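Some notes on the structure that comes next.
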Amino acid sequence: MEIKENLKTVTENIKAACDRAGRNYEDVTLVAVSKTKPNEMLMEAYDAGVRDFGENHVQELVGKMDSLPEDIRWHMIGHLQTNKVKYIVGRVYMIHSVDTLKLAKEISKEALKKNVTVTITVEVNIAGEASKFGGTLTEGEELVNEISKLPGLKIAGLMCVAPYTENPEDNRQYFRSLKNMADKLSLKELSMGMSGDYEVAIEEGATLVRVGSSIFGARNYN
Ligand SMILES: *Cc1c(COP(=O)(O)O)cnc(C)c1O
């Protein structure tokens, strides 16, 4: 019951942010980030209409895929190791976290083998944090150029994980620079915004928001 209520709140917040920014609500996809959460909770969200789910570990993702409805669009949003690529290519709807050319080449190779096109976003380390993946804005641009030459891949846009902050306004500048970069490169999708800052992200142009704890509650990693 709580998940349904939470979804209602998040959806209303998304709509309000779209209104403030003069954007269409249909242009923003809510990706429900279900990592560490059991299948029953995902099914509660599914029954409330959610079809886009985000996970950050390959093993967990594949396990959930195998036991949940086939019309779910799975989003890989976490750091991906090249040796795990083969398990998800052809099965996920989008890989958000493509952060190196090496990883992109592996996805390309696997895509050709399976005769599929993989939709990705390129991850940018927008605030230059040591703990985060992806290159700087300048490196990101170079990476997009290199990746766009690879077969079997479609770069839909850019992705970032903004710094953790108590005040979402702190991240507005980062969302804005990612949007500028996407415009410059004529890329449409912007995967940015999490529980703490998705409304600001939408105001700055997010098309995919990755919201976990505001829907499913706090995570317990023990
Ligand atoms: C966990 C995670 C999220 C969701 O985080 P919340 O703060 O719980 O909304 C979004 N993006 C990535 C990459 C994540 O790993």
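Numbering of ligands and ligand atoms starts at 1, following listing order. For reference, positions follow the sequence shown, starting with 1. Computed from a predicted model, the values in this text were never measured in an experiment.
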If Ile, Leu, Val, Met, Phe, Trp and Tyr residues are connected whenever their side-chain heavy atoms lie under 4.5 Å apart, and connections chain through other members, are Val85 and Phe133 in the same group?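 Different hydrophobic clusters.
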Gap separating the [atom1] atom of [X] from the [atom2] atom of [Y], nearest 0.5 angstrom:
| X | Y | atom1 | atom2 | value |
| --- | --- | --- | --- | --- |
| Phe175 | Ile202 | CZ | CD1 | 10.0 Å |
| Ser186 | Ile155 | OG | CD1 | 12.0 Å |
| Ile126 | Leu178 | CD1 | CG | 4.5 Å |

Looking at ligand 1, does Arg219 have a heavy atom less than 4.0 Å from it?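 Contact check Arg219 vs ligand 1: positive.
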Under 3.5 Å, N or O to N or O, is Met159 touching ligand 1 that way?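 There is no such contact.
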Would one find an N or O of Ser214, backbone or side chain, under 3.5 Å from an N or O of ligand 1?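 In this structure, Ser214 places no N or O atom under 3.5 Å from an N or O of ligand 1.
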What protein heavy atom sits nearest [atom], and how far off is it?
| atom | value |
| --- | --- |
| atom 5 (O) of ligand 1 | Met194 CE, 3.5 Å |
| atom 9 (O) of ligand 1 | Ser195 OG, 2.5 Å |
| atom 2 (C) of ligand 1 | Lys35 NZ, 2.5 Å |

Side chains of Glu55 and Trp74: closer than 4.5 Å at any heavy-atom pair?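 They are in contact (side-chain heavy atoms under 4.5 Å apart), so the answer is yes.
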With heavy atoms of Arg210 as the reference, note each atom of ligand 1 found under 4.0 Å away.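 Matching atoms, with element in brackets: 4 (C), 9 (O), 10 (C), 11 (N), 12 (C), 13 (C).
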As a check for students: among Val211, Val33, Ile77, identify the option with a heavy atom nearest to atom 12 (C) of ligand 1.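 Of the listed residues, Ile77 has the closest heavy atom.
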Would Arg73 and Phe53 count as a cation-pi pair here, with the cationic atom under 6.0 angstrom from the ring centre and within 45° of the axis?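 The answer is no, since Arg73 fails at least one limit relative to Phe53.
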